[in-house]
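Structure first, commentary second.
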4 protein chains.
Amino acid sequence: MQRRLTKRGIERRDQLVEFAAHRFAENGYHPTSVTEIVSGLGVGKGVFYWYFTSKEELFVEILRGAQRGLRRTQEKAITGEGDPVARIELGIRASIRWLAENRDYFTLFQFASSEERFAPLLRLGEDVAVADAARHIRAGMDAGRIDEGDPAALGHAILGVTNQLVRILLFEKGEDPNRVADAAVRFCLGGLRGFSGVIAAGAHSPA
Amino acid sequence: MQRRLTKRGIERRDQLVEFAAHRFAENGYHPTSVTEIVSGLGVGKGVFYWYFTSKEELFVEILRGAQRGLRRTQEKAITGEGDPVARIELGIRASIRWLAENRDYFTLFQFASSEERFAPLLRLGEDVAVADAARHIRAGMDAGRIDEGDPAALGHAILGVTNQLVRILLFEKGEDPNRVADAAVRFCLGGLRGFSGVIAAGAHSPA
Amino acid sequence: MQRRLTKRGIERRDQLVEFAAHRFAENGYHPTSVTEIVSGLGVGKGVFYWYFTSKEELFVEILRGAQRGLRRTQEKAITGEGDPVARIELGIRASIRWLAENRDYFTLFQFASSEERFAPLLRLGEDVAVADAARHIRAGMDAGRIDEGDPAALGHAILGVTNQLVRILLFEKGEDPNRVADAAVRFCLGGLRGFSGVIAAGAHSPA
Amino acid sequence: MQRRLTKRGIERRDQLVEFAAHRFAENGYHPTSVTEIVSGLGVGKGVFYWYFTSKEELFVEILRGAQRGLRRTQEKAITGEGDPVARIELGIRASIRWLAENRDYFTLFQFASSEERFAPLLRLGEDVAVADAARHIRAGMDAGRIDEGDPAALGHAILGVTNQLVRILLFEKGEDPNRVADAAVRFCLGGLRGFSGVIAAGAHSPA
DNA sequence: TATGAATGAGTATTCATTCAT
DNA sequence: GATGAATGAATACTCATTCAT
């Protein structure tokens with residue numbers, strides 16, 4: 001929706017985004033009704049539709065904002081670092097730090113990934129982050145510091161580790177973000193160096 | 001619901017479970033209505049509530065069945081293998097094989113993880129699998145084949161890698177399950193051996 | 001909506017159609033809400049959507065039924081009459097009689113004609129009736145009893161006269177249907193014989 | 001609403017009337033929202049309620065304006081013509097010409113006739129036009145050029161023919177206004193001369 | 001005069017669940 | 001075991017109107 005907003009309008013809009021993000025994270029997207037959002041803010045229902053064309057649009061906006069925030073944090077973190085492996089490490093640490101501070105958004109990412117409507121948008125953001133990582137991985141390979149392999153796949157592996165450890169160690173067990181980051185970094189950098197496996201690749205078990 | 005079912009009753013019930021699982025995976029849990037399920041099977045609504053007390057109960061049952069299936073596959077795969085690292089590898093490969101053949105369930109796991117109601121049940125299953133892996137990891141550490149660390153955390157890291165690669169490489173890019181397994185195994189075994197990182201652990205960036 | 005209805009179901013459905021037709025006629029289609037319809041019948045809201053997919057569908061169904069009823073009446077009226085002009089007259093009289101007894105439907109026709117969504121359906125019915133009349137008119141022309149001209153246009157002229165006189169004389173002034181029919185027939189049969197006009201055709205006033 | 005308007009105010013008001021009339025005709029009165037009207041003109045909502053107390057008031061105003069316009073056209077057309085039948089003919093021709101050039105208003109008349117709220121106003125205008133015609137008809141009867149009968153009823157019959165032929169021939173089939181007028185005049189003048197019917201008046205079919 | 005913001009009752013429709021047969 | 005019918009609270013969204021500035 002394109003609307004010229006006054007200062008007051010911008011504030012209202014931000015209020016809505018923030019409050020809704022919190023409720024969505026806490027209660028789920030579907031179970032959170034528009035009525036709940038507006039009455040939680042003590043405003044009329046029309047207010048919601050003055051700022052957003054639909055509940056879906058609001059969610060997409062929240063998602064976009066969160067992705068932007070995470071990405072900025074990552075970029076800021078690796079600025080000035082030249083070593084590709086170090087850049088990867090810094091990226092992982094920055095992501096975990098950001099997620100620790102934005103638990104709501106992490107939950108929203110989780111949900112978005114499970115709905116056909118939102119998953120593509122989420123993937124878009126993931127792909128950008130993974131492509132970034134892949135560039136560093138490529139550089140690491142060229143420098144002989146990382147085993148040859150598909151850089152994008154390795155980037156996704158890092159994403160998988162990070163998300164799972166954040167969910168379990170950080171949010172479920174309440175561990176310290178830095179220790180979670182240590183564990184993630186250690187596993188990922190080890191993973192990047194690879195290991196051929198006990199069972200010869202190709203000698204797969206029968207279907 | 002506990003009901004003594006005739007043979008025909010059992011078939012009906014299974015039909016419902018199977019059909020619903022497919023629709024839930026395809027369309028989402030919330031967007032799929034009970035009406036849609038029963039009319040898709042050409043039966044009346046009473047049938048549904050004869051076998052299940054609620055839509056939620058049905059979903060839980062589907063989830064439980066899927067977890068049971070995955071677990072059995074994993075157990076079967078490692079039976080007879082004594083080496084702990086090989087057991088881990090076999091477990092990873094078995095999981096990926098099973099997920100490749102049960103895409104619907106993978107999607108359902110995703111969704112379950114995003115709803116407060118179902119997440120605990122999902123975690124339960126994950127914890128069992130992770131505990132299994134952790135035992136092998138512990139054994140690997142004792143044998144000096146795996147770097148010291150928190151076995152459960154490492155187990156979760158493996159889970160994270162596996163799920164992400166399955167989603168992206170297998171389902172999104174359509175790669176061959178065996179090649180996906182190769183990539184996952186390689187990354188995970190490397191990860192288990194760890195790598196101390198370029199930046200000294202503990203020397204974290206400022207919050 | 002295709003549904004196997006029990007006897008009770010058919011009754012309910014008929015109830016809904018009848019009641020809604022009355023309310024639509026009395027109050028207008030838009031101003032009459034689904035809530036009003038169901039609560040007027042003392043049933044839950046779901047009942048409405050058990051029988052109809054939408055308010056619009058219900059209206060279309062009402063419209064179709066009314067058109068069918070009018071048409072049947074017209075057909076029955078002219079059965080057995082061979083003279084084309086007499087057939088026209090009988091058709092006019094039958095229409096007016098039917099409209100007098102189905103005032104609600106007349107009002108609904110009026111409304112339908114004013115909404116882009118429903119107008120085409122209405123025109124379809126009108127066209128059928130006009131085509132019927134046009135056949136008789138054609139026959140009348142061939143017999144030299146009606147002036148040459150476009151039969152369809154003449155049929156529409158008859159329709160226009162009939163509807164307007166029904167609205168004004170019958171419904172507004174409350175005149176007797178037979179007298180209204182007399183006036184309509186007289187005007188229409190005169191109109192069919194035509195009159196060249198005082199001002200020469202073609203000598204049109206300036207735009 | 002009575003407000004002393006500046007020149008600019010009058011222009012704004014006219015803009016609103018014109019634009020709204022077009023949207024109402026195109027899209028229907030109910031489906032066209034005030035928001036749509038003001039945003040279509042690129043102004044705020046306050047503007048609307050500065051000039052009109054309600055959407056309904058605006059519609060009434062549009063209707064009144066249209067009726068005034070049509071009436072003026074009719075009056076101008078018959079000015080200077082003394083023969084009553086010719087006056088009728090000129091009136092019909094003028095009406096059709098005006099409707100051809102004001103299709104939007106024709107549609108609005110249609111709608112107004114179908115809503116209890118607006119119908120009385122519409123009838124008022126119709127009655128004026130019919131009364132006019134009735135005077136000429138009366139004169140024609142006195143001069144023996146038109147069959148005896150109820151002049152008002154005959155006036156309405158003319159109105160019915162005109163409206164229907166305009167809708168079908170002019171708007172639906174896109175015929176030339178002059179040819180439509182020829183057909184209408186011919187039918188109406190014929191109708192005024194009447195025809196006793198094949199079936200004896202009074203010998204009505206059974207109810 | 002005009003704007004953007006807000007109101008809140010109202011709308012059509014959905015849907016998990018229950019009921020009578 | 002199974003059906004069609006019914007429930008009614010809930011949902012997302014609309015819109016004529018009002019208000020503060």
Side-chain angles (χ1 to χ4, degrees), chain A residues 3-13 30-39 41-56 58, chain B residues 3 5-6 8-9 12-13 30-38 42-58, chain C residues 3-13 30-39 42-56 58, chain D residues 3 5-6 8-9 12 30-38 42-58:
Chain A
R3 232 189 246 296
R4 226 167 303 149
L5 296 177
T6 63
K7 200 181 146 200
R8 188 184 171 199
I10 293 171
E11 276 165 23
R12 252 293 132 78
R13 206 188 135 96
H30 286 296
T32 301
S33 69
V34 173
T35 301
E36 193 184 329
I37 293 168
V38 293
S39 72
L41 255 72
V43 298
K45 208 173 289 190
V47 169
F48 186 95
Y49 292 94
W50 176 259
Y51 294 102
F52 307 98
T53 37
S54 68
K55 188 183 163 186
E56 188 169 337
L58 166 61
Chain B
R3 238 190 240 293
L5 298 173
T6 65
R8 190 180 162 210
R12 255 289 137 83
R13 205 186 138 94
H30 287 294
T32 301
S33 68
V34 172
T35 301
E36 195 183 329
I37 294 168
V38 295
V43 300
K45 243 184 231 176
V47 171
F48 187 95
Y49 289 93
W50 178 258
Y51 293 106
F52 306 98
T53 42
S54 69
K55 188 184 166 187
E56 189 169 336
E57 193 207 50
L58 165 63
Chain C
R3 232 189 246 296
R4 226 167 303 149
L5 296 177
T6 63
K7 201 180 146 201
R8 188 186 171 196
I10 294 171
E11 277 165 22
R12 252 293 133 77
R13 206 187 136 96
H30 288 294
T32 301
S33 68
V34 173
T35 300
E36 194 184 329
I37 294 168
V38 293
S39 71
V43 298
K45 211 173 284 193
V47 169
F48 186 95
Y49 291 93
W50 176 258
Y51 295 103
F52 308 98
T53 38
S54 67
K55 189 182 163 187
E56 188 169 337
L58 166 61
Chain D
R3 238 191 241 292
L5 298 174
T6 65
R8 190 180 162 212
R12 253 291 135 81
H30 287 294
T32 300
S33 68
V34 172
T35 301
E36 195 183 329
I37 294 168
V38 293
V43 299
K45 241 182 233 178
V47 171
F48 187 95
Y49 289 92
W50 178 257
Y51 293 106
F52 306 98
T53 41
S54 68
K55 187 183 166 187
E56 189 168 337
E57 194 208 50
L58 165 63

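In what follows, every chain begins at residue 1, and chains take the letters A, B, ... in the order their sequences are listed.
The side chain to side chain contact (heavy atoms under 4.5 Å, CB included) test applied to C:Thr6 returns C:Arg8, not counting sequence neighbours.
Using atom C1' as the reference point in both F:dT21 and E:dT1, the two lie 13 Å apart (nearest Å).
In plain terms, the two heavy atoms of B:Lys55 and B:His30 that are nearest each other are NZ-O, 3.6 Å. B:Glu36 approaches B:Pro31 most closely through the heavy-atom pair OE1-O, 3.8 Å.
In this structure, D:Tyr51 does not reach the E:dT1 phosphate: none of its side-chain N or O atoms is under 4.0 Å from OP1 or OP2. Within the structure, every side-chain polar atom (N or O) of A:Trp50 is placed at least 4.0 Å from both OP1 and OP2 of E:dA6. OP1 or OP2 of E:dA5 has not a single side-chain nitrogen or oxygen of A:Arg3 nearer than 4.0 Å. The shortest distance between the side-chain N/O atoms of C:Arg12 and the OP1/OP2 oxygens of F:dA5 is not below 4.0 Å.
Taking CG from A:Leu5 and OH from A:Tyr51, the interatomic distance works out to 6.0 Å, rounded to the nearest 0.5 Å. Going from atom NZ of A:Lys45 over to atom OG of A:Ser39 covers 9.0 Å, rounded to the nearest 0.5 Å. Taking CZ of B:Arg13 as the start and CG of B:Leu58 as the end, the distance is 8.5 Å to the nearest 0.5 Å.
Nearer to the 5' terminus of DNA chain E, by closest-nucleotide assignment, is the contact made by D:Gly9 (compared with the other of A:Ile10 and D:Gly9). Heavy-atom distances to DNA chain F give each of C:Gly44 and B:Gly42 a nearest nucleotide, and the one nearer the 5′ end belongs to B:Gly42.
Side-chain contact between C:Val34 and C:Tyr49 is present, with at least one heavy-atom pair separated by less than 4.5 Å. Looking at heavy atoms from C-beta onward, C:Arg12 lies in side-chain contact with C:Val43 at the 4.5 angstrom threshold.
Annotated stems with DNA chain E as a participant read E:2-21 with F:2-21, given as range with range, by first number; only runs of 3 or more Watson-Crick or G-U pairs under 3.5 Å qualify.
Comparing F:dA2, F:dG4, F:dG1 by their nearest atom to the side chain of B:Thr6 picks out F:dG1.
Here E:dA5 presents its P atom at 12 Å from CZ of A:Phe52, a figure rounded to the nearest Å.
Looking at D:Glu57 and D:Thr53, their side chains do bring a donor and an acceptor atom within 3.5 Å of each other.
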Whether each nucleotide of nucleotides 13-21 of chain E has a protein heavy atom under 4.0 Å at its base (B), only at its sugar-phosphate (S) or at neither (-) is summarised, 5' to 3', as BBBSBB---
